[in-house]
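Following: one structure in structure tokens, then a few remarks.
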Amino acid sequence: MSDSTIQHHEDSRDVTFRVHRFNPQVDSKPYFDDYTIRLEKGITVLRALNYIKEHVDASLTFRAFCQAGICGSCAMRINNMSKLACTTQVWDELEKSREPDIIKVEPLRNLPLIKDLVVEMDPLVDKMKSYSNWVDSKMSEENWGKKEFLVSEAEFLKYDKATDCILCASCVSECTILRANREYVSPAVLLKSYRMNVDSRDSIHEQRLAGLVKDHGVWDCTHCYRCQESCVKHIPIMDAIHGIREDAIAERGTKDTSGARHAEAFMEDIEKKGKLVEATLPIRTNGVVWTMKNLLPMAFKMVLKRRTPPPPPLVKSTKDIEKFRAEFKEMTGHVAKDHAKKPGE
Amino acid sequence: MKRYAYYQSCINESMTREVDRSIELWQHDLGIEMVKLHESTCCGGSNLDYVSPKHFALVNARNIAAAEKMGLDLVVSCNTCLMTIRSAKKKLDESEELRSEVNEILKSEGLEYRGTSDVRHLLWVLIDDVGLDVISQKVKAPLARLRIAPFYGCHILRPSSVLGKDNPMEPTSLDLLLGALGGKTIPYDHKNRCCGFHTLLVAEEESLNVAAEALQEAMDEKADCIVTPCPLCHTVLDGYQAKALKRSGRRGSIPVYHLSEVVGLALGYTDRQLGIRRHIVT
Amino acid sequence: MKPFDIVIVGGGGAGLYAAMEAMKTNPGLNIAVLSKIYPNRSHTSAAQGGANASLANKAKDDTVEMHIFDTIKGSDYLADQDAVEVLCSEAPKIIRELENMGTPWSRMEDNTIAQRPFGGAGRPRCCYCADKTGHTILQTLYEQCLRKGVIFFNEYFALDLSVDGSRSRGLIAMNIKTGRIEAFPAKTVIFATGGYAKMYWNRSSNAAGNTGDGQAIAYRAGIPLKDMEFVQFHPTGLRKSGLLVTEGARGEGGYLVNALGERFMSRYAPEKMELGPRDLVSRSLETEILEGRGFDSPAGKYLHLDLRHLGADLIKSRLPQIREMCMYFEGVDPIDEPIPVRPTAHYSMGGIDTDNFGRTVMEGVYAAGECGCVSVHGANRLGGNSLLDILVFGRIAGRAAAEEAGKFNPAPISESEVLEKEQELRSFMQPSGHYERYGSLREELGQTLGLNVGIYREASKIRKGIEDLVALKERFSHVRVFDSSDVYNTNLLQVLELRNMLDLAETVAAGALVREESRGSHTRTDFPTRDDANWHKHTTYTLEEGRPKLGYKPVVMGRYELQERTY
């Protein structure tokens, strides 16, 4: 960037970038450096970092490639939020700063740190591999190139948004469960898995789904929606996660995993009582042994404080439960009819 | 007296009964009345949606239709119920086909989903309808000596396409209300983070790690207490606090209050009246 | 260390297709892909528009022949006709192949792959996925390579070939994450490192890393480059950043408008209007600006690309990325306002001289994609042919290398050669008295190229450009790397990339000066017409004593005779 574009007239001000630094060859732990530069309105965070690297401190290290929001290289945490530096306007960030005129810049979370703002991306690639994040074509390779699969626009629309993903790993960085356990599949990998699973050209749907319902898989998601809110391509990632769960229950039944059993319990209780019977939820989800081991010690305290949920017979049913139950059953009929109408869907 | 149809969340009927109890105590002080919807059912949590999307729509169309019949907005004091019912509403409002399908069924009860009632969190009603000025005028016992760590919980913020009231990653509403009650809120990273409730029974270890991190940050920032507008967050942060902190090797504890309780405290009610003594951490 | 059968440098469309095809050809081969970035970040992802193939899904009367003719005519008859025939006849097959492996193409009503009109094409034959075609192709190829177990060396920067007489022994590269210099002994090497148009820097739509690394390595190893003077300027770069507004925007019906409110393309291509070939449209914009019919702004003169009449729905559904880009980088929503545009350096037709199998003159060394020059684009590339080129010739090179790999066993790369490289890199970090900063050298490189070897060229300006380049190279010998660490030293990488760009810039300028005619993207104001008698030939460049030595090669003709190129 030339000085003339940076040091333009009127709408300019001094901005401090408080940047996370760490060089594993020298530093025992990360620290922050402040760089104060005069900037013109309309500059992106990436252009500001480029300016710092070229004019102030050449050792400042970050990834950047296309600088146009499509390659996903420059994802980092700017003012505590994972996003692409190349599409983030400095002036917009100044409004969000906790300390005036200071923009905090840190590396993505939940991936191993390499240097300054650069994190290791291999764990994400490894997960893409272990969850078969590719179409395994129904057509054998020898026959490729001879004729097209016919795919409806409606099917294309099912995975259209999901194929916008540029693997920038902002969602990975913001994910609640990954932060608690790095073994977790990751939102981006769930999104890609969903995209493959709804593709009619793919032949390993069942196998992929079997992997997704295992430990650290789709049922571990805690529905915090941080992935979706941080997605730089505005992809409704949670819809994909719900899509996989819906698929898992439809294909593998409600007794398959603790996650599926947990979900099924809601359906059961609503039909029977209208209300959730929380007292038996742990047992129905994880069985008696797990419940005794994990919840019994706490139950004593809860009893003392009279916080235990009432046993099933004492759960007050919804008023007019009979009428409601009839309606619920009628909907079950509708759903069955839908399935009969659209075989294979 | 402004009236609202009040949705009875399952958890507030069982484990966190203190929430509804406190609201009943102070509602008239603030000129509002929550009319309990006894015919409502469980919203399905964040689960029914993918077991059966159609049942999910029906159940919540019915919950909302009951409020519509009374001509009142539906008010919810559990984040997940709020998010769930609002996302059903969004689906219903966007699809005439879905609306007519559920209405066909609801007819038998004399109910119809029209989309006329809004679905709102108690926190939003306090800010938008009662007003921060009015609330601060009514405060008898300001929370002045407390450093409060506000814990919003996810489902009052996200997905923003369904909630849309507050900035999904930089929320302010709870801070504003606590400010009106005379409290001082602290900035900390976990205020918009997750409590881990929804994986408690499926991935307990991860859930407890999530909760422990939130609790520790609040304690590190020297907060006197945590306040949350969600009974599910409360259940984890209070009920599972000892277990979570033990796992992470952290000593000490921090009290966690419901939004409805701190409103009550500021309006001059006692912790016994508000049911605060029912908490595990006191 | 056992040599690899194939080392592929570059993980974009060409490199990944080559890797996949090589594994398909012989699953037992030991293949490595080296890439200075994670392959899914490659610049292939920036190709929004689409890939041409005469599938005849949209225009039932489209044929391979028509595609061949359009490509040859578009190239201003500088493309080799046998190579174009390969490109176009393989096109339908390769698009279907991509479809078969999972590329999410947009669809027609009859569920076949959708096609749309594109500049310079007689039929609507551009296959697309909304406005993210390159991105989805790249993702699909990366996914398929993961499926097939291709071994990736991600974030490795290729430094130089190790040469044994007329044969390559393999490659020496730096592991960016550790800074270690490593030898990659290999029976065959395929360069697929993309283009060199970033040398125009601010006036370029390219990614920061499109610095012609593969071309520069080959050039330093004595392999000839070809047709380097042909750099395509895309008509519609965003005014401030140079970033590209794809031809898709015009394909969907966007208007180009000057400050007088005229759709000025009626002056230059009355029939095709906005869908004329790129070089013509770029020159038309430049002429409008030079003749004073552009808009004025502090960021320079520009014209309007107006999409407003297409309506919000179409813009949102068909051109969402373009819209987002205009908002992020230019602060303009094309639904409400016209987009400010001007020409931007976009694509390099020239590259490593190869035959139709991607082979170079050095045994065991191949090149494919924008990095190579077969040549199928000649003096000007048609929109929708670049993705096609990387796919078709990536695959061909992959197969050819796989077949060759069994036949040779190269001598090992010596320890001392690796050490030599290490010392060379270390010398950049040793402080000497006087030093130069990388940033200003790079800035001046882009400036002199833009001013003197840009869209309109003339002898005196090009000479000035060449002088500047010689001076810049001298100054580069004093350039200093300030970051002294081994781990992830991007400062060092920038310097090495600059070295590559400087080497290649000399060939671009040398070709621009010697070619005394105007053809395709190369426009000499002092020689305004095409001169087939003297210049219907390729230029080649070989490094001799630090300077490019020019040579010539005949154009392979076929059934299409030379014609004047009008639209």
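First the proteins, then the strands, lettered A, B, ... as listed; each starts at 1. These figures come from a predicted structure and were not determined experimentally. Basis for what follows: all heavy atoms, side chains included, without hydrogens, waters or symmetry-related copies.
Across all their heavy atoms, Asp49(B) and Glu246(A) have their closest contact at O-OE1, 4.3 Å. The minimum heavy-atom distance between Ala180(A) and Val210(B), with the atom names listed, is CB-CG2, 3.8 Å. Minimum heavy-atom separation, Leu276(A) to Cys10(B): N-SG, 3.3 Å. Shortest non-hydrogen contact noted between Arg158(B) and Cys224(A) is NE-O, 2.7 Å. Between Ser52(B) and Val335(A), the shortest heavy-atom contact is OG-CG2, 4.1 Å. Nearest approach of His262(A) to Leu201(B), heavy atoms of both residues: CE1-CD1, 3.6 Å.
Other residues, nucleotides and ligands contribute at most 12 non-hydrogen atoms within 6.0 Å of the CE atom of Met292(A). Atom NZ of Lys184(B) sits in a sparse spot, with 12 or fewer heavy atoms from other residues, nucleotides or ligands closer than 6.0 Å.
For chain A, the nearby parts of Thr16(B) are the backbone and the side chain; heavy atoms of each come within less than 4.5 Å. In this structure, no portion of Glu271(A) lies under 4.5 Å from any heavy atom of chain B. Residue contact with chain A, scored on non-hydrogen atoms closer than 4.5 Å, is absent for Asn79(B). Residue contact with chain B, scored on non-hydrogen atoms closer than 4.5 Å, is absent for Leu304(A). Neither the backbone nor the side chain of Thr80(B) comes within contact range of chain A; no heavy atom of the residue lies under 4.5 Å from a heavy atom of that chain. For a residue to count as touching a neighbouring chain, one of its non-hydrogen atoms must lie under 4.5 Å from one of that chain's; by this rule Met267(A) touches chain B with backbone and side chain alike. Looking at Ala242(B), the atoms closer than 4.5 Å to chain A (heavy atoms on both sides) all sit in the side chain, from C-beta outward. For chain A, the nearby parts of Pro159(B) are the backbone and the side chain; heavy atoms of each come within less than 4.5 Å. Contact annotation for Ile11(B): both backbone and side-chain heavy atoms come within less than 4.5 Å of a heavy atom of chain A. No part of Thr291(A) comes within reach of chain B, as not one of its non-hydrogen atoms sits under 4.5 angstrom from that chain. Interface remark: Asn192(B) contributes backbone and side-chain atoms alike to the contact with chain A (heavy atom separation under 4.5 Å). Both the backbone and the side chain of Asp220(A) come within contact range of chain B, each with at least one heavy atom under 4.5 Å from a heavy atom of that chain. Heavy atoms closer than 4.5 Å to chain B are found nowhere in Arg261(A), neither backbone nor side chain.
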| Can you check side chain to side chain donor-acceptor pair (under 3.5 Å) on Arg245(A) and Asn47(B), steps first, answer last? | CA-CA 9 Å; Arg245(A) 288 183 172 188; Asn47(B) 295 291; 4.8 Å; no
| request: Would you please test Asp189(B) and Lys104(A) for salt bridge (charged side-chain N to carboxylate O under 4.0 Å, His left out) and show each step? | output: CA-CA 13 Å; Asp189(B) 283 350; Lys104(A) 205 167 161 193; over 6 Å; no
| said: Using the rule given for side chain to side chain contact (heavy atoms under 4.5 Å, CB included), can you reason through Tyr240(B) versus Leu295(A), listing the C-alpha separation, both sets of side-chain angles and the distance that settles it, and then say yes or no? | reply: CA-CA 10 Å; Tyr240(B) 283 73; Leu295(A) 298 182; 3.4 Å; yes
| Evaluation steps, side chain to side chain donor-acceptor pair (under 3.5 Å), between Thr318(A) and Glu39(B) | CA-CA 5 Å; Thr318(A) 295; Glu39(B) 65 270 45; over 6 Å; no
| task | Please step through side chain to side chain contact (heavy atoms under 4.5 Å, CB included) for the pair Tyr184(A) and Glu206(B), ending with a clear verdict. | result | CA-CA 9 Å; Tyr184(A) 174 57; Glu206(B) 283 80 354; over 6 Å; no
| task | Might you work through the salt bridge (charged side-chain N to carboxylate O under 4.0 Å, His left out) test for Lys96(A) and Glu170(B), ending with a clear yes or no? | result | CA-CA 8 Å; Lys96(A) 297 174 191 161; Glu170(B) 301 278 336; over 6 Å; no
| task | Kindly indicate, with the supporting measurements, whether the criterion side chain to side chain contact (heavy atoms under 4.5 Å, CB included) is fulfilled by Arg226(A) and Cys194(B). | result | CA-CA 9 Å; Arg226(A) 294 183 71 85; Cys194(B) 176; 5.5 Å; no
| request: Might you work through the side chain to side chain contact (heavy atoms under 4.5 Å, CB included) test for Phe266(A) and Val51(B), ending with a clear yes or no? | output: CA-CA 9 Å; Phe266(A) 278 75; Val51(B) 180; over 6 Å; no
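By number of non-hydrogen pairs under 4.5 angstrom with chain A, the leading residue of Ser160(B), Ser207(B), Pro187(B), Cys43(B) is Ser160(B). Chain B forms the most heavy-atom pairs under 4.5 Å with one residue out of His223(A), Lys323(A), Gln228(A), and that residue is His223(A). Note: Glu109(B) leads Met83(B), Glu104(B), Glu109(B), Glu101(B) in heavy-atom pairs under 4.5 Å with chain A. Annotation: maximal heavy-atom pairing with chain B below 4.5 Å, among His334(A), Lys301(A), Lys316(A), occurs at His334(A). Contact count versus chain A (heavy atoms, under 4.5 Å) is highest, among Arg277(B), Glu205(B), Glu18(B), for Glu18(B). Of the listed residues (Met15(B), His279(B), His55(B), Glu204(B)), the greatest number of heavy-atom pairs within a distance under 4.5 Å of chain A belongs to His55(B). With chain A as the partner, the residue from Glu13(B), Arg62(B), Arg17(B), His155(B) showing the most heavy-atom pairs under 4.5 Å is Arg62(B). Of the residues considered (Met169(B), His198(B), Gln8(B)), Met169(B) shows the highest number of contacts with chain A, using heavy-atom pairs under 4.5 Å.
Listed for the Lys243(B) side chain is a donor-acceptor partner under 3.5 Å among the backbone atoms of Asn294(A). Here the side chain of Arg193(B) pairs no donor or acceptor atom with the backbone of Thr176(A) at under 3.5 angstrom.
Rounded to the nearest 0.5 Å, atoms CG (Leu48(B)) and CD1 (Ile270(A)) are 4.5 Å apart. With values rounded to the nearest 0.5 angstrom, Tyr50(B) atom OH is found 12.0 Å from Ile244(A) atom CD1. Here Met302(A) contributes atom CE and Arg278(B) contributes atom CZ; the two are 9.0 Å apart, rounded to the nearest 0.5 Å. Between Phe328(A) atom CZ and Thr41(B) atom OG1 the span is 8.0 Å, to the nearest 0.5 Å. The distance from the CD atom of Glu327(A) to the CG atom of Leu58(B) is 6.0 Å, given to the nearest 0.5 Å. Expressed to the nearest 0.5 Å, how far CG of Leu111(B) lies from CZ of Phe324(A) amounts to 11.5 Å.
At a heavy-atom separation below 4.5 angstrom, chain B is approached by Lys305(A), Arg306(A), Arg307(A), Thr308(A), Pro309(A), Pro310(A) within residues 305-312 of chain A.
A 4.5 Å side-chain heavy-atom check between Lys54(B) and Asp338(A) finds at least one atom pair inside the cut-off.
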